[in-house]
Amino acid sequence: MAPKRAPETDPQTPLRAGLPDRYLTPDDLMTMFSLPSIETLYTWRKTGVGPPAIRIGKYLRYDPAAVRAWVENNTETAA
């Protein structure tokens, strides 16, 4: 079991707590979704599979509200 993080450093906190106080980084999403590498996230973006990102200068950032919506829209329910 993974160690508990403090709420201010837990990248999933913005998804649980409502409106974000900061945009998420690719590393945050990699941790959140337990992705094998950052390249997976870049492939998702390139193919239009993952949550939408915005470019701020040379950096990619993710709006937690958009990530939450993406998760909700891509969650399968048992039939």
Side-chain angles (χ1 to χ4, degrees):
M1 181 182 229
K4 281 268 194 195
R5 290 182 173 195
E8 62 276 358
T9 62
D10 182 356
Q12 292 181 348
T13 298
L15 296 178
R16 292 188 200 109
L19 293 176
D21 58 346
R22 68 176 180 88
Y23 285 102
L24 301 170
T25 67
D27 286 332
D28 290 336
L29 266 66
M30 190 176 85
T31 301
M32 236 187 268
F33 297 124
S34 301
L35 299 175
S37 74
I38 199 79
E39 293 304 318
T40 302
L41 195 61
Y42 294 145
T43 300
W44 284 2
R45 185 169 186 271
K46 187 176 182 179
T47 59
V49 173
I54 58 171
R55 185 163 293 284
I56 300 174
K58 65 179 183 176
Y59 302 102
L60 283 180
R61 293 296 181 259
Y62 296 85
D63 181 345
V67 173
R68 177 185 287 218
W70 178 81
V71 168
E72 290 172 358
N73 289 333
N74 289 286
T75 300
E76 293 183 10
T77 56

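Computed from a predicted structure; not experimentally measured.
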Could you walk me through whether Arg22 and Asp28 pass the side-chain contact (heavy atoms from CB on, under 4.5 Å) check? CA-CA 11 Å; Arg22 68 176 180 88; Asp28 290 336; 2.8 Å; yes
#### Entry: Atom pair OG1 (Thr40) and CG (Leu29), whose distance is rounded to the nearest 0.5 Å
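Thr40 atom OG1 to Leu29 atom CG measures 12.0 Å (nearest 0.5 Å).
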d(Thr25 OG1, Arg61 CZ) to nearest 0.5 Å is 6.0 Å
Which pair of non-hydrogen atoms, one from [X] and one from [Y], has the smallest distance, and what is that distance?
X     : Y     : answer
Leu35 : Trp44 : CD2-CH2, 3.6 Å
Arg55 : Lys58 : NH1-O, 3.0 Å
Leu24 : Pro64 : CG-CG, 3.8 Å
Met30 : Ile38 : SD-N, 3.2 Å
Tyr62 : Pro52 : CD2-O, 3.3 Å

**is_close_aromatic(Trp70, Phe33), centroid dist under 6.0 Å** =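 Yes, they do, as the ring centres are separated by less than 6.0 Å.
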Note to self: Assigning hydrophobic clusters by single linkage (Ile, Leu, Val, Met, Phe, Trp, Tyr; side-chain heavy-atom cutoff under 4.5 Å), is Tyr59 placed with Met32?
What the structure shows: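 As far as the 4.5 Å side-chain criterion goes, Met32 and Tyr59 are not connected within one cluster.
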